[in-house]
Amino acid sequence: LPHLRQYEADTRVLLGAALESKHLEDAQFASSLQQHFGQLSFENELKWESVHPEPDRFDFSGPDKIVEFAQANQMELRGHTLVWHIQNPEWLLDAQWTRDSLLLALEQHIHSVVGRYKGKIKYWDVVNEAFDDQGGYRDTIWYQVIGPDYISKAFQYAHAADPEALLFYNDYSTEGMSPKANAVYRLVNELLDQGVPIHGVGTQAHFDGRYPLSRGPMAKNIERFRELGLTFHFTEVDVRIADSAGVSALDKQAEIYQELIEFALHYDNIDVMTMWGVSDKYSWIPSWFKGQGRALILDENFQSKPAFDAIAEQLDSF
Ligand code: G3I
């Protein structure tokens, strides 16, 4: 297998991967990370339920292992995620919060988590999935108790905790010109007008391999964020296919991965393309989408798939 990290210097695009620290025990997993990925994302272990299980207790054991591995292998890190409406601990969801008390809890959480990794985690998904599919604000605990300015507050708290960190808004179905992407565009303009520190937007790019990319609307969307000076990252790429599908589905999957890396190589405001996993062996997809899987670029034996070969070919011919 060509080691995809060899292309980082020439292409200025990093391939990233999301992981859970327990998989670093798997030697094949660890060597695949070392060979192919220049940036690591925390799949679950920096979410509130994992890292902040009790009001006065943090658990950094898993994240520390990932930070250590990244530093030993000259990899960048992406902190995922400081504010979301899923995977929150009971104590956050059950308490009787006021706007001020929840803002204080949010500030203390961000100060503790971002502060611990100051200078080590380069990117943060500060807020994840604040909008619904129609482009309205999701009615989450954050929105209900604090109001829409929980978003600007979270970015300001993160910047205060690590002024060098690059702060992103992250969401899905925001790759093309969707109502949700328009809401993200409006939000970013508001934050920039208020002087709130935001450096980029992440679009998760979880795709269903049955459908081709909408390349035209994606190009338009990437370009409008580029005009704002915003970095644009593919943050959680996987392309799920039906277990029953034959090899042609793997070729269609490869086309989608190829188009994404072509976008990354073409636009100078895209410098990271992160897959939501390393190998089909540990992907979240099968437990979330019954009858679907094989979504990543390495198979369950960490061997290449047409998607891997397509990415390698694009990087090599850049
Ligand atoms: O930690 C518990 C463990 O104690 C328990 O034994 C086990 C069995 O019930 O569950 C474990 O929690 C699981 C958790 O992953 C950690 O592995 C949850 O059940 C499971 O629901 C959770 O799934 C994660 C999912 O987010 C939750 O929505 C996936 O692994 C993770 O890949 C996925 O990632 C999200 C991004 O954060 C945001 N974008 C969407 C993406 C997919 O939903």
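When a ligand or atom number is given, it counts from 1 through the structure's own listing order. Just so you know, these numbers come straight off a predicted model, no measurement behind them.
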Legend entry - Whether Y172 lies under 4.0 Å from ligand 1, heavy atom: no
Legend entry - Ligand-side contact atoms (ligand 1) for residue partner E236, heavy atom cut-off under 4.0 Å: 36 (C), 38 (C), 39 (N), 40 (C), 41 (C)
Legend entry - Check: Q204 N/O within less than 3.5 Å of ligand 1 N/O: yes
Inset, instruction - Identify whether the distance between the nearest side-chain nitrogen and carboxylate oxygen of D280 and K305 falls below 4.0 Å. - result: yes
Inset, instruction - Using side-chain contact (heavy atoms from CB on, under 4.5 Å) as the criterion, point out the one residue from N128, L106, I141 that pairs with V83. - result: L106
Inset, instruction - Could you tell me whether atom 34 (O) of ligand 1 has at least one protein heavy atom nearer than 4.0 Å? - result: yes
Legend entry - Axial cation check for Y172 ring with K180, 6.0 Å and 45° limits: yes
Inset, instruction - Inspect the contact between K22 and E20 and indicate whether a charged nitrogen and a carboxylate oxygen are less than 4.0 angstrom apart. - result: yes
Inset, instruction - State plainly whether the residues D26 and K281 are in salt-bridge range, i.e. N to O under 4.0 Å. - result: yes
Inset, instruction - May I ask you to list the atoms of ligand 1 that are less than 4.0 angstrom from any heavy atom of N128? - result: 38 (C)
Inset, instruction - Can you sort out which atoms of ligand 1 are near W276, meaning under 4.0 Å from one of its heavy atoms? - result: 31 (C), 32 (O), 33 (C), 34 (O), 36 (C), 37 (O)
Legend entry - Trace of the salt bridge (Lys or Arg N to Asp or Glu O under 4.0 Å) decision for D268 with R12: CA-CA 9 Å; D268 61 6; R12 70 158 175 78; over 6 Å; no
Legend entry - R224 NZ/CZ over F232 ring centroid, <6.0 Å and within 45° of normal: no
Inset, instruction - Report the member of E43, E49, K47 with the shortest heavy-atom distance to atom 26 (O) of ligand 1. - result: K47
Inset, instruction - Identify the protein heavy atom lying closest to atom 17 (O) of ligand 1, giving its residue, its atom name and the separation to 0.1 Å. - result: E20 OE2, 3.2 Å
Legend entry - Nitrogen or oxygen atoms of W84 and ligand 1 under 3.5 Å apart: no
Legend entry - Distance filter under 4.0 Å to E129 heavy atoms, resulting ligand 1 atoms: 38 (C), 39 (N), 40 (C)
Inset, instruction - Kindly indicate whether atom 2 (C) of ligand 1 is approached by any protein heavy atom to under 4.0 angstrom. - result: no
Legend entry - atom 22 (C) of ligand 1: the protein heavy-atom neighbour that sits closest, reported with distance to 0.1 Å: Q87 NE2, 4.0 Å
Legend entry - Contact bool for atom 12 (O) of ligand 1 (protein heavy atom, d < 4.0 Å): no
Legend entry - Closer than 4.0 Å: a protein non-hydrogen atom to atom 41 (C) of ligand 1: yes
Legend entry - Y123 side chain to D125 side chain, donor-acceptor N/O pair below 3.5 angstrom: no
